[in-house]
Amino acid sequence: MKVIIVGGVAGGATAAARLRRLDEQAQIIIFERSRYISYANCGLPYYVGGVIEDKNDLTLQTPDSLWRRFRIDVRVHHEVTAVDTDSKTVTVRELDSGGSFTENYDRLILATGAKPAMPKMEGVGLANVFSLRTVEDTLRIREFVENRQPKSAVIAGGGYIGIEMAENLRRLGMDVTIVQRPNQLMAPLDADMAALVHSKMRSQGVKLKFGSSVIGFEQDAEKVSTLLKDECPLISDMVILAIGITPDTSLAKEAGLELGIKGSIIVDEKMQTSAQDVYAVGDAVQVKHYVTGEDALISLAGPANKQGRIAADNICGIESTYKGSMGSSIIKLFDMTIATTGINERTAAASGIEVEKIVLSPASHAAYYPGGKTMVMKVLCDKNTQKLLGAQIIGYDGVDKRIDVLATAIHCGMTGPELKELDLAYAPPFSSAKDPVNMAGFVFENVFDGLVKHFHFDDVAKLPRDGSVTLLDARTDAEYKRGHAEGFMNIPVDDLRERLDEVPTGKPVYVMCQSGLRSYIACRILSQNGYDCYNFSGGYSFYSAVFHDVLASKETYPCGMEKI
């Protein structure tokens with residue numbers, strides 16, 4: 001059996017290694033357009049920033065290492081230019097010599113990945129305007145940084161690559177501005193959680209310019225002007241285009257394969273395309289979202305590796321299926337960790353799912369053990385079935401552990417209240433006896449059992465300030481004086497029982513504290529004394545972060561005085 005693989009990064013390299021482990025006699029050829037295979041896309045920004053010092057550390061395998069261990073024929077700088085599914089051949093151009101040849105196959109795997117979204121606008125090809133997808137891209141940026149010593153950069157786009165590049169360019173001492181049309185960074189996050197990311201960015205000196213449309217670039221000597229629609233240009237020494245990626249599927253399209261969202265390749269659960277004996281894996285394919293069951297594009301290394309293994313299994317006669325992806329992801333931002341899994345509120349609304357959401361701010365480990373840090377967790381459930389839908393966590397220590405537990409719970413179809421039943425490892429340096437995941441389960445249990453009702457950030461501004469409701473802050477007097485939401489009176493929770501006469505009866509009571517715990521206790525006191533009570537989910541610390549981010553995002557500056 002002869003198997004040709006087009007593309008040798010995550011999905012392609014994984015498929016090749018799995019094929020060899022299953023079939024020692026198969027002839028396996030990888031054609032890779034770049035000069036590198038099996039490289040770590042996620043590590044590329046950290047080479048630019050000098051965190052990863054040796055460029056060789058970016059590649060997990062080389063053509064020589066794959067040949068020595070697996071006898072896989074890897075041909076780099078070879079571009080497959082056409083696929084003929086009838087004759088079962090591919091046309092290949094050898095980029096060094098310029099010559100072309102055809103190669104036949106018994107099975108074909110397309111692992112062409114995705115490419116940076118390159119908008120059709122003036123100046124995209126300028127010398128000081130870069131995109132980042134391959135090792136070669138990284139080397140060009142690193143060389144530019146070392147030789148030209150730029151002092152400022154504009155990053156167009158606030159997704160994963162944009163954020164990681166911002167951190168690494170700031171690490172090099174550059175003045176960095178992220179500009180984009182959406183009003184938040186990191187689309188997988190809901191707007192309230194993204195506010196915490198914005199706060200961290202601003203605290204590290206990264207400037208955020210939202211609601212702006214980039215329409216082109218102009219270069220004048222050593223400077224680049226990022227042109228904005230109806231706004232003054234942003235002038236910098238370099239520009240990074242991180243607007244997003246699109247499936248790289250021109251080969252599949254020309255071969256007549258069935259295509260889906262944004263031109264992605266449609267595959268079945270065995271990763272087989274619409275053509276016989278042709279498989280596709282990785283960022284180029286359309287998958288099913290594990291939570292919603294809807295078609296989706298999820299460009300992550302984990303799913304790509306799994307899909308490569310599944311394609312290889314089926315080629316070798318082993319029944320193997322891909323169940324879909326939840327989009328679990330995690331990213332480092334300076335000393336902060338941001339992680340998501342499943343769906344967010346926007347996706348749920350688009351899918352017609354009614355959501356119950358909670359926000360809590362637990363410590364990473366036992367409070368009495370030194371070094372514990374607070375994390376903010378937002379967890380979503382289906383309001384009708386109580387099944388878990390998604391989670392977003394932002395914090396420091398222990399974020400990765402909790403998001404993986406929640407991803408596992410979602411995969412297993414657990415409900416929100418069932419999180420309380422998980423038997424999770426505990427020792428003071430690592431967790432609390434009531435782990436943050438268990439705490440989320442307790443909160444969901446209270447909500448669904450009717451012991452507590454929540455209100456959220458978007459509700460606060462809508463609450464009447466005319467005396468028809470009572471707004472109560474249950475923190476200490478000192479905390480209250482340092483800052484509080486408009487219109488909230490202060491009665492510390494420890495004094496509440498003795499001061500109930502200060503809380504008018506017959507009116508709803510909306511209660512807030514620092515993290516949500518004391519306000520929950522206050523609500524239990526009030527509810528059992530006949531009050532209709534609502535607890536603010538997330539606490540004042542969360543409210544304050546989102547509120548101040550909203551204010552910062554609305555700031556405008558006269559032309560020539562932008563914060564850049």
Side-chain angles (χ1 to χ4, degrees), residues 188-190 192-193 196 291 326-330 337-345 348 353-367 372-426 430-457 513-521 523-524 534-539 541-543:
L189 295 175
D190 285 316
D192 50 2
M193 294 294 283
L196 306 178
V291 175
M326 291 191 299
S328 301
S329 64
I330 191 164
T337 304
I338 306 158
T340 68
T341 188
I343 62 174
N344 58 24
E345 285 192 79
I353 302 172
E354 192 176 6
V355 163
E356 186 66 64
K357 59 184 176 181
I358 62 169
V359 180
L360 59 159
S361 303
S364 58
H365 62 241
K373 294 185 177 180
T374 298
M375 65 181 74
V376 179
M377 301 173 59
K378 182 175 185 178
V379 189
L380 309 181
C381 273
D382 186 308
K383 200 163 192 173
N384 298 310
T385 66
Q386 301 186 15
K387 276 195 172 184
L388 288 163
L389 297 172
Q392 303 159 45
I393 310 179
I394 298 177
Y396 300 89
D397 297 336
V399 170
D400 53 342
K401 169 183 174 179
R402 274 66 187 215
I403 203 69
D404 284 343
V405 172
L406 287 164
T408 304
I410 294 170
H411 183 86
C412 294
M414 291 179 64
T415 66
E418 285 176 337
L419 293 175
K420 67 181 175 30
E421 301 171 7
L422 293 176
D423 191 356
L424 303 174
Y426 159 64
F430 304 104
S431 183
S432 300
K434 297 175 182 177
D435 187 85
V437 174
N438 295 135
M439 291 301 301
F442 295 139
V443 176
F444 272 125
E445 180 183 47
N446 288 338
V447 170
F448 286 119
D449 285 351
L451 287 179
V452 67
K453 293 183 287 189
H454 280 154
F455 68 110
H456 301 275
F457 177 81
C513 74
Q514 192 68 15
S515 69
L517 175 59
R518 284 174 288 175
S519 52
Y520 165 64
I521 295 170
C523 275
R524 292 306 304 143
Y534 297 80
N535 181 29
F536 183 75
S537 186
S541 59
F542 181 67
Y543 169 83

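Residue numbers run from 1 in the order of the sequence given. Here the structure is a predicted model, which is why all the values come from computation and not from measurement.
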Q. Take atom NZ in Lys453; do more than 12 heavy atoms of anything else shown fall under 6.0 Å from it?
A. yes

**Q.** 4.5 Å side-chain heavy-atom contact, Lys378 and Asn344
**A.** no

Q: Using the six-membered ring wherever Trp is involved, compare the ring planes of His456 and His454 and label them parallel, tilted or perpendicular (cut-offs 30° and 60°).
A: perpendicular

Q) Does Met414 reach the side chain of Leu422, with side-chain heavy atoms less than 4.5 Å apart? A) yes

Q) Closest approach of Ser328 and Thr341, non-hydrogen atoms and distance? A) OG-OG1, 2.7 Å

**Q.** Ring geometry between Phe536 and Phe455 (parallel below 30°, tilted from 30 to 60°, perpendicular above 60°)
**A.** perpendicular

**Q.** Results of side chain to side chain contact (heavy atoms under 4.5 Å, CB included) for Thr408 - residues two or more places apart only
**A.** Cys412

**Q.** Stepwise side-chain contact (heavy atoms from CB on, under 4.5 Å) check, Leu189 with Leu196
**A.** CA-CA 10 Å; Leu189 295 175; Leu196 306 178; over 6 Å; no

Q. Taking the side chain as C-beta and beyond, is there a heavy-atom pair between Leu419 and Leu406 under 4.5 Å?
A. yes

Identify every side-chain donor-acceptor pair in residues 353-361 under 3.5 Å, counting partners at least two apart or on other chains, and give the distances.
unit_1 : atom_1 : unit_2 : atom_2 : d
Lys357 : NZ     : Glu345 : OE1    : 3.1
Lys357 : NZ     : Glu345 : OE2    : 3.2

Q | Shortest non-hydrogen contact between Gly516 and Asn535, atoms and distance | A | O-ND2, 3.3 Å

Q. So do Ser364 and Met375 actually touch side chain to side chain, heavy atoms under 4.5 Å?
A. yes

(Q) Using 0.5 Å steps for rounding, measure from the CE atom of Met377 to the CD1 atom of Ile394. (A) 12.0 Å

**Q.** Shortest non-hydrogen separation from Pro417 to Phe444 and the atoms involved
**A.** N-CB, 3.8 Å

Q: For Val291 and Gly342, work out which heavy atoms get closest and say how close.
A: CG2-CA, 4.0 Å

Q. Looking at Leu388 and Val379, what are the two nearest heavy atoms and their distance?
A. CD2-CG1, 3.7 Å

Q) Any donor-acceptor pair under 3.5 Å linking the side chain of Glu445 with the backbone of Lys420? A) no

Q: In sequence, state the C-alpha distance, the side-chain angles, and the governing distance for Lys401 and Ser431, and then conclude on side-chain contact (heavy atoms from CB on, under 4.5 Å).
A: CA-CA 10 Å; Lys401 169 183 174 179; Ser431 183; 4.1 Å; yes

(Q) For a 4.5 angstrom cut-off between non-hydrogen side-chain atoms, does Thr415 reach Phe448? (A) no

Q. Below 4.5 Å, heavy atoms only, C-beta onward: do His365 and Phe430 meet side chain to side chain?
A. no

Q. Between Val443 and Tyr520, is any pair of side-chain heavy atoms under 4.5 Å apart?
A. no

Q. So, the side chain of Asp190 versus the backbone of Asp192: is there a donor-acceptor pair under 3.5 Å, distance only?
A. no

Q.
With heavy-atom distances below 4.5 Å as the criterion, would you say the side chains of Ile393 and Val376 are in contact?
A. no

(Q) Is it true that, when you exclude Asn384 itself, more than 12 heavy atoms of the residues, nucleotides or ligands shown sit nearer than 6.0 Å to its CG? (A) yes

Q: Any chance you could measure Arg402, atom CZ, to Asp435, atom CG, to the nearest 0.5 Å?
A: 4.0 Å

Q. Just how far is it from atom OG1 of Thr374 to atom CZ of Phe542, taken to the nearest 0.5 Å?
A. 13.5 Å

